[in-house]
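Remarks on the structure that follows.
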Amino acid sequence: MTIHQHRASVTAASGSVTSTTLSVKGGLCRQLIARAATATTLFQLDITDSNSVIVARYGYHRGEIMDMGNIGILPIPMAGTYNLNITNSSADEVFTILLGVEE
């Protein structure tokens, strides 16, 4: 079993920011963490594939999203590149993102 991780630190401007993964050969997304610098920041996150199809949508969360299959969205099959889109952030600040894919 091989685990591939996408790690990024991105800064939201005007309430949104996007981070693009490297190409994934194929596997299951097993872990997603998106953490705002401030615990009170409210935001949404979508994962879209290279065809701009939304494959996962996380509604409003405060401070962080930590999904390891406990929220009901993961695991999701992945192949190719993906965009992690943070939108509607209540503050323009730094977000830490981690996406783990099991090959």
Side-chain angles (χ1 to χ4, degrees):
M1 166 177 40
T2 304
I3 301 292
H4 299 280
Q5 290 187 336
H6 169 75
R7 292 176 180 265
S9 181
V10 294
T11 303
S14 299
S16 64
V17 65
T18 298
S19 180
T20 303
T21 69
L22 294 176
S23 185
V24 175
K25 284 185 179 182
L28 291 173
C29 181
R30 296 285 189 184
Q31 180 181 34
L32 171 73
I33 300 170
R35 184 174 296 130
T38 307
T40 57
T41 299
L42 194 63
F43 66 97
Q44 293 179 291
L45 186 139
D46 291 339
I47 302 173
T48 58
D49 68 10
S50 58
N51 295 316
S52 299
V53 174
I54 297 171
V55 298
R57 174 171 279 157
Y58 293 87
Y60 281 101
H61 282 71
R62 188 172 306 281
E64 78 174 11
I65 298 169
M66 184 175 293
D67 188 359
M68 297 175 68
N70 55 334
I71 294 177
I73 294 177
L74 296 184
I76 56 173
M78 299 186 109
T81 59
Y82 289 83
N83 290 323
L84 292 94
N85 308 302
I86 293 174
T87 57
N88 298 316
S89 173
S90 61
D92 290 345
E93 64 184 11
V94 175
F95 285 83
T96 302
I97 298 171
L98 170 71
L99 183 78
V101 178
E102 177 184 17
E103 188 176 277

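Atoms considered below: every heavy atom in the structure, side chains included; atoms not considered: hydrogens, waters and symmetry mates.
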Inset, instruction - Could you please spell out the steps behind the side chain to side chain contact (heavy atoms under 4.5 Å, CB included) verdict for H6 and L84? - result: CA-CA 10 Å; H6 169 75; L84 292 94; 4.1 Å; yes
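- Looking at L32 and I71, their side chains never come closer than 4.5 Å, going by heavy atoms from C-beta outward.
- L42 places none of its side-chain heavy atoms less than 4.5 Å from the side chain of N88.
- Judged by distance alone, the side chain of T18 and the main-chain N or O of N83 form no donor-acceptor pair under 3.5 Å.
- Two residues are said to be in side-chain contact when any heavy atoms from C-beta on lie closer than 4.5 Å; R57 and Q44 fail this criterion.
- Here the CD1 atom belonging to I73 is positioned 10.0 Å from the SG atom belonging to C29, to the nearest 0.5 angstrom.
- Panel note: side chain D92, backbone S14; a donor-acceptor pair is recorded below 3.5 Å.
- If you take OH on Y82 and CD1 on I47, they are separated by 9.0 Å, rounding to the nearest 0.5 Å.
- I97 places a side-chain heavy atom less than 4.5 Å from the side chain of I86.
- At a threshold of 4.5 Å between side-chain heavy atoms, the hydrophobic network of Ile, Leu, Val, Met, Phe, Trp and Tyr places V10 and I33 in two separate groups.
- The closest side-chain heavy-atom distance from F95 to S19 is not below 4.5 Å.
- Annotation: the span from T87 atom OG1 to D46 atom CG amounts to 5.5 Å, rounded to 0.5 Å.
- Distance CG/L45 to CG/N85: 7.0 Å, rounded to 0.5 Å.
- Contact of the L98 side chain with the Q5 side chain is registered, since non-hydrogen atoms from C-beta on lie closer than 4.5 Å.
- Across all non-hydrogen atoms, the minimal contact from S89 to F43 is CA-CB, 4.0 Å.
- Of the possible donor and acceptor atoms, none in the side chain of T2 sits under 3.5 Å from a partner among the backbone N and O of E103.
- Between the E93 side chain and the T38 main chain, a donor and an acceptor come within less than 3.5 Å of each other.
- Inter-residue side-chain proximity for L99 and M78 is flagged as met; some heavy-atom pair is nearer than 4.5 Å.
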